[in-house]
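Comments concern the structure below.
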Amino acid sequence: MPALLHRRALFLDRDGVINRDHGYVGSRERFEWMPGALAAIRNATAAGWHVFVVTNQAGVAHGFYTEADVTALHAWMADEARRAGGTIDDIRYCPFHPEGTVAEYRRASDRRKPAPGMLLDLLRAWEVDPARAVLVGDQPTDLAAAEAAGVAARLFEGGDVAAFVADVMAGVR
């Protein structure tokens, strides 16, 4: 039982890893899965890994969409992952940006990557050993957040997400 409670964890950035980054994607209509993203989630789930999504969502702070829009999109993503045979165990997002146009979201936050707040919150909530986790991101800020949280990280620069993630997972004990 303890092995099940302390599984390895895969942290995935959203825009640019799970979906194509079309800039401020806040709805299903603008969401386009990256090639292999659903397979990567399915394969990680089948291998017994936690799958977490950590994503900056400055579009909320800039007034392009609301937190309700983000929540609805993430619920749909999780449903699509389940339909494909995978599980997104949990999602954290940061709606804040210091230059936001929406006053209530205009601020710095320890949850906004490159700060590690989202990762640290998930590590605590799910009792994950950072040494048994890896983040896949497409920006230096993703890698910096992982480093600050004590989590290994790999830079995804395009291609098939499933093949890339399989390679990454093979390197985590």
Stepwise side chain to side chain contact (heavy atoms under 4.5 Å, CB included) test for N43 and V165: CA-CA 9 Å; N43 296 343; V165 166; over 6 Å; no
T55 side-chain N/O to Y93 backbone N/O, donor-acceptor pair under 3.5 Å: no
Full working for side chain to side chain contact (heavy atoms under 4.5 Å, CB included) between F156 and D142: CA-CA 10 Å; F156 177 70; D142 299 323; over 6 Å; no
Atom of D13, atom of G137 and distance for their closest heavy-atom approach: CB-CA, 3.9 Å
D79 side chain vs W76 backbone, donor-acceptor pair below 3.5 Å: no
Note, L123 side chain near F52 side chain (heavy atom, < 4.5 Å): no
Test log, rule side chain to side chain contact (heavy atoms under 4.5 Å, CB included), inputs L10 and V136: CA-CA 8 Å; L10 174 65; V136 174; 4.0 Å; yes
Any donor-acceptor N or O pair under 3.5 Å, side chains E29, S27: yes
Reference residue N19; test side chain to side chain contact (heavy atoms under 4.5 Å, CB included); the match among L73, V161, V25: V25
More than 12 heavy atoms of other groups within 6.0 Å of E147 CD: no
Side chain to side chain, D138 and M34, heavy atoms closer than 4.5 Å: no
Same cluster (ILVMFWY, side-chain, under 4.5 Å), V172 and L122: no
Test log, rule side chain to side chain contact (heavy atoms under 4.5 Å, CB included), inputs M169 and R8: CA-CA 9 Å; M169 288 172 47; R8 292 173 291 184; over 6 Å; no
Closest approach of L38 to A84 (non-hydrogen atoms, all atoms of both residues): CB-CB, 4.1 Å
Short side-chain to backbone donor-acceptor contact, R20 and E32, under 3.5 Å: no
Residue pair Q57 / Y65, side-chain heavy-atom distance below 4.5 Å: yes
Common cluster, L119/L12, ILVMFWY with side-chain heavy-atom separation under 4.5 Å: no
Whether H62 and F64 hold their rings parallel, tilted or perpendicular, with breakpoints at 30° and 60°: tilted
Under 3.5 Å donor-acceptor, T87 side chain and T45 backbone: no
D90 and W126: side chain donor to acceptor below 3.5 Å: yes
The single option from S109, P114, P95, C94 passing side chain to side chain contact (heavy atoms under 4.5 Å, CB included) against N56: C94
R154 side chain vs V134 backbone, donor-acceptor pair below 3.5 Å: no
From I18 atom CD1 to H74 atom NE2, the distance as rounded to the nearest 0.5 Å: 8.0 Å
Connected via hydrophobic side-chain network under 4.5 Å: M77 and W49: yes
Closest non-hydrogen atom pair, P130 against G150: CB-O, 3.3 Å
Linked, directly or transitively: V53 and F11 (ILVMFWY side chains, under 4.5 Å): no
Distance, nearest 0.5 Å, that separates CZ of R92 from NZ of K113: 13.5 Å
Interatomic spacing from CZ in R14 to CD1 in I88 - rounded to 0.5 Å: 10.5 Å
Check: G100 main-chain N/O paired with R106 side-chain donor or acceptor under 3.5 Å: yes
Atom CZ of R30: over 12 foreign heavy atoms under 6.0 Å: yes
Exercise: identify the closest heavy-atom pair between I41 and A81: CG2-CB, 4.0 Å
Atom of A153, atom of L143 and distance for their closest heavy-atom approach: CB-CD2, 3.5 Å
Co-membership, hydrophobic cluster, residues V51 and L135, 4.5 Å side-chain: no
Parallel, tilted or perpendicular: ring planes of F96 versus Y105, cut at 30 and 60 degrees: tilted
For A58 against R112, the heavy-atom pair lying closest together: CB-NH1, 3.9 Å
